[in-house]
Amino acid sequence: MLILTCPCCGVTGEETEFHAGGEAHLKRHGPGSTEDQFEEYLFMRENPKGVHFERWRHVYGCGKWFHAARSTTTLEVYGTYAAQTHEPPKDLRDTISKKVPGWTWREFQ
Amino acid sequence: MSTRLATGGRLLNKSRAVSFTFNGQHMTGYEGDTLASALLANDQMLVGRSFKYHRPRGIVASGAEEPNGLVNLGQGGRFEPNQRVTTTELFDGLTAKSQNHWPSLEFDVGAINAQMSRFMPAGFYYKTFMYPRPLWKHVYEPFIRKAAGLGAAPKERDDDTYEHFYAFCDVLVIGGGVAGLQAAKAAADTGARVMLIEQTAHWGGRAPVDGGEIAGKPVDNYVDETVAALEAMDNVTLRRRMMGAGVYDHGYVLSYERLTDHAPEMDGPRHRLWRIRAGHIVTATGAIERPLSFAGNDIPGVMLASAVRDYVTNFGVSPGDRTVVVTNNDNAYLTAIALKHAGLDVPAILDARVLPTDSALMAQAKALGIRVLMGHGVSTVMGGKRVTGVAVCSQAGEGSILETIPCDVVAMSGGWSPVVHLWSHCGGKLTWDTAQAAFKPDVDKAPTGADGKAFVTAAGSASGALLLADVLSDADAAGQAAATATGHKTGRNASAAPEASHTPEAPMAPVWLMPHGAGIKLRSKAWLDYQNDVKVSDVQLAAQEGFHSVEHAKRYTTLGMATDQGKLSNINGLAILSDSLNQPIPQTGTTTFRPPYTPISMGAIGGEARGDVFQPIRRTPMHDWHDENGAEWEPVGHWRRPYAYVRSGESTHDAVMRETKNTRDNLGLLDASTLGKIIVRGPDAGKFLDMMYTNMMSTLKPGKCRYGLMCDENGFLIDDGVVARIDEQTWLCHTTTGGAERIHAHMEEWLQTEWWTWQVYVANVTEQYAQIAVVGPKAREALEHLGGMDVSAETLGFMDWADGTLGGFDVRVYRISFSGELSYEIAVPASQGQALWDTLMAVGAGLGVMPYGTECLHILRAEKGFIMIGDETDGTVIPQDLGLHWAISKKKDDFIGKRGQERSHMVDPTRWQLVGLETVDGSTLPDGAYASAEGTNANGQRETQGRVTSTYHSPNLDRGIAMGLVLNGPDRMGEVLTFPGTDGKEYKAKIVSPVFYDPEGEKPNV
């Protein structure tokens, strides 16, 4: 059972206090988008072995959504950050690079 | 004969005798006995029958690893099967029954299986019961079910109580042997918060039995002193009878405390499940001795060498007068020496090794007059329900009998395996220790936590340090490392491991089969897994048949799949498999270690969550009134809603029919408090709701209501409800009863993660209001009797709402209808709900008022063709399927689900669509029935062309009415479809409009 720190209220809590919300940084494609774009948005996911960015909600706490960078193999949590962003913060990406040189995830590295 | 010795028994209180029964026979033991030691003291070596062949089985071990000694314990509400006799502490009045035999333990009909064993090899069931297929259901399955399982299932409700505890610590030390004690001391001396848990009732583990000295004194002294020192420290918590069950991600540990198993008369919960979050975990879980694989190694009287000396030393019990020790290591010599000191006979030690010179222990044994045969082993054990002797052979040969030695106990030792379970649960890797021929924790590949660093350290023999001095120094280092890992400093006051001394031991030599060249006859009597009856020959057969992966071989043979999870059999089985595959053991690897370490009770898992507190129930302010007035309850989410109010002499169906007719004819009251109420407010609230709903909400005028649909991004309908605009920046959205929390979360998710710059605030106020629907032709009259605000058609039209007072209550009245009747939904603060309900019942008395439940609500809405989320929708239905095009805005560029609904499959004209269904004979269609079509599909099943989504008997129309989704339904009015029922009948129904009652909508429009 994971331990996560909510970047909104600062509480470090047990996994049962949170709720996982799938992959982070999806780009919404609405009316006017192509079939491929819509498929990408709705169904295509990274499923990486290693560094992953995902959404969590502090559902039994402050109720806020946030993002977490985590290893899917070792379960190491590299960091959590606010949900109101389109990409992982630079300092977090640097932290990950120190631990996992050469990592990539979608367009990020 | 096994019996109680005149002297010895370090764990016993011989001044207090304890009586118990085994298979109805009265026996006595002493306080401090385990059930196993007490049974042995009463000469009850035979304790059960094996699972597959029903072979007689005796006690093998003295601890948690025991595979054979499983009993049905207790009676009535305290009955529990599969309790290990070795871990059951004796108490007065204990009742135990042996398992897996019929009619009796001594004479068992199922033992015929043993005679058939050559016809029942590994995979017997898979191979035999495949064909012919029709025999499976009525012949094979009942037979296998009867044969399957150990023990009996409890029949009564559990009399005991259980609870969960939560705990946090810096360092959790699992295992209270000398390693655990020293690790805990080392960690605690740094100031770290330490928790030390031990699965048995005693501190010190097996070191006091095995001898040696710590700081120049007997081990018992060290144990007493260290426990006293730890107890005196404020930062240390000590718990006995508490097993570390599982290690999970990021330092989470489940532990299982047995509080009253040893003393059932005590108050309080029986078991406690601890959920512990530890900064660092030290696994000081010890090691388990391995059996040797020789023919007849399962005959009662063949025991682990360490268990034999445990029974002699700890419990003053002699397992038998004459014990032959068979070993591949020096450690088992301790058993021979202990037996001799107890005055018992050891005719021989059969040592499979050939050593150049006598080791110290060997010299001691010889000095006691024990005959030691080097390079020898057991060809076969003689005896049936009890050992009568051993046939001796050369270990190097094929088993030719050199001599036979009469004896009643065989004490075997195949070396020691560190208990690596807890290390492995969360990803800790193992390494093969060639010298000990065992897997031990690979310190470079420990389980890692949230910070990427190791969070488990193994200590003492669990880490592979088997001798006393090594155990103590290893454990001390582990304790310090654990404290350091949690940010504590080992300063000048740091403890050092005390000096320890023990008799040195010569190296062991791996022996996986005895004798080395044993033929098939011996191999098919050499057991690996006692509980599941897996023999050396079975594993070899599995390898031969291609089950090369250890995980496959395990499942094919069931090796290690019993309740003991292969604690004795695992390594021996791996070795046989490796040998069969001509590969080294590390290449074969181990099966996965999974929690719990030993079985834990279902009661402990449930904890307090049973009976009334199993699940919290949500109650409306009028819940008690409903309960007192005949409500039959229907669960809706966590709410309970009245299904119908049944009067005396009435059936539930009668009540529903009465309520439905009365609401159409007179006046009905519905407790609608459970409907979700979400306030959406802010400068961008209108824009936001236009995205949430398929229709336009931003154009709604204050004072007005509008019915809205919500979809997900796939376009599927997820919720519906009436939205009221309160003021310029505020809307109140009603959701379905089950949907309030989900829709609130859905709104929050979009606001926080997609449109976070929009200024909108949402609040779920469902429980702040009580809401009562006043429904029926006399609804307005009832409200007028209350007095207060104007509720006339002119002032408060259909789909209007207004704030005001009624009968002195501050109310908000919505003129909306889910019944097709004149209807007002009245909201008041929750605290006023019951008072308003009482007032409405009083003023309605002269108007024929009756409360109505959810089934009446359903019939009323179905008569009007109104859809219900969860009936007409199932997560694959879009609003267009339900003829709700009118509620989907064409003006909006975007809303959630719009793009999804544009996909080719969503605009396919062959999607099934909503229609009404009217049975030809007036009967009621079965719920969920499918309409059959011509032809069959690829699986030979009849093609279908529609299905029933809602079906009721309508008392107002006095016939069955239904709604369903039908292929091209709206274009096929009048056509008759056939619905085969599961009752064998075929139902004929005509396709009609879904609006059965008052199609012009005149009734509410007054």
Side-chain angles (χ1 to χ4, degrees), chain A residues 1-5 8 12-17 19 21-35 37-39 41-43 51 54-60 62-71 73-80 82-86 95-96 98-100, chain B residues 166 168 246-254 275-279 426-427 445-455 691 712-715 741-742 744-758 762-764 890 892-906:
Chain A
M1 194 160 67
L2 306 182
I3 290 178
L4 293 168
T5 300
C8 179
T12 298
E14 306 239 326
E15 191 175 329
T16 49
E17 203 168 304
H19 196 276
E23 192 167 312
H25 305 304
L26 296 178
K27 171 153 178 45
R28 179 170 187 260
H29 287 283
S33 59
T34 65
E35 296 280 22
Q37 285 172 326
F38 192 65
E39 180 197 33
Y41 159 53
L42 216 50
F43 301 114
V51 176
E54 50 191 18
R55 308 187 320 145
W56 287 82
R57 187 181 181 209
H58 194 187
V59 60
Y60 296 112
C62 66
K64 296 301 181 198
W65 283 89
F66 61 92
H67 289 152
R70 191 172 68 91
S71 167
T73 47
T74 68
L75 308 186
E76 179 172 358
V77 179
Y78 303 114
T80 55
Q84 292 76 35
T85 175
H86 293 290
T95 303
I96 299 171
K98 276 188 207 121
K99 295 188 170 191
V100 192
Chain B
Y166 293 79
F168 300 85
V247 171
Y248 303 84
D249 302 332
H250 295 185
Y252 183 67
V253 174
L254 279 185
R275 300 152 168 261
I276 305 168
R277 186 66 77 164
C426 205
K445 292 176 184 162
T448 53
D451 57 1
K453 294 185 184 127
F455 74 88
M691 293 301 291
D712 59 16
E713 276 287 50
N714 268 301
E741 284 67 38
R742 181 169 48 87
H744 179 231
H746 175 69
M747 289 179 170
E748 281 286 352
E749 180 177 351
W750 285 98
L751 281 172
Q752 290 182 34
T753 67
E754 188 68 28
W755 302 306
W756 61 77
T757 57
W758 295 8
V762 300
N764 181 359
K890 295 188 179 56
K892 294 196 291 190
D893 292 337
D894 195 3
F895 59 82
I896 294 170
K898 184 175 169 72
R899 178 64 184 84
Q901 289 166 3
E902 290 167 358
R903 287 177 293 170
S904 57
H905 185 61
M906 301 299 167

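Every chain is numbered from 1, with letters handed out A, B, ... down the list of sequences. As the structure is a computational prediction, the values presented were derived from the model and not from experiment.
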Proximal component of A:His67, with respect to chain B [non-hydrogen, under 4.5 Å]:
neither
Can you tell me which of B:Trp756, B:Tyr252, B:Tyr248 forms the most heavy-atom pairs within a distance under 4.5 Å of chain A?
B:Trp756
Separation between CD (A:Glu76) and NZ (B:Lys453), nearest 0.5 Å, reads 9.0 Å
Chain B shares the most heavy-atom pairs under 4.5 Å, among A:His86, A:His19, A:Lys99, with A:His86
Which of the residues B:Asp451, B:Ile896, B:Thr448 is involved in the greatest number of heavy-atom pairs with chain A at under 4.5 angstrom?
B:Asp451
Closest heavy-atom pair and its distance - B:Arg277, A:Glu14
NE-OE2, 2.8 Å
Closest heavy-atom contact between B:Arg899 and A:His29?
CG-O, 4.3 Å
Side chain, backbone, both or neither of A:Arg70 within contact of chain B (heavy atoms, under 4.5 Å):
neither
Which atom of B:His250 lies closest to which atom of A:Ile3, heavy atoms considered
ND1-N, 2.9 Å
Heavy-atom contact with chain A under 4.5 Å, split by part of B:Asn714:
both
What part of B:Glu713 gets within 4.5 angstrom of chain A, counting heavy atoms only: side chain, backbone, both, or neither?
both
Under 4.5 Å, counting heavy-atom pairs only, tell me which of B:Gly449, B:Ser904, B:Gly452 racks up the most with chain A.
B:Gly452
From CE (A:Met1) to CG (B:Leu254), nearest 0.5 Å
8.0 Å
Proximity breakdown for A:Thr85 and chain B, heavy-atom pairs closer than 4.5 Å:
backbone
Chain B contact via A:Tyr78 - side chain, backbone, both or neither, heavy atoms under 4.5 Å
neither
Heavy-atom distances under 4.5 Å only: say whether B:Asp894 touches chain A with side chain, backbone, both or neither.
both
Within a reach of under 6.0 Å around OH of A:Tyr60, are more than 12 heavy atoms found that belong to other residues, nucleotides or ligands?
no
Minimum heavy-atom separation for A:Gln84 to B:Gln752, with atom names?
NE2-O, 2.8 Å
Given a strict heavy-atom distance threshold of 4.5 Å, which part of B:Gln901 is in contact with chain A: side chain, backbone, both, or neither?
neither
Contact winner vs chain B - A:Leu2, A:Thr74, A:Leu75, A:Val77, heavy-atom pairs under 4.5 Å
A:Leu2
Taking every heavy atom of B:Asp893 against every heavy atom of A:Pro31, the minimum-distance pair comes out as O-CG, 3.2 Å
salt_bridge(B:Glu749, A:Arg55) N-O dist < 4.0 Å
yes
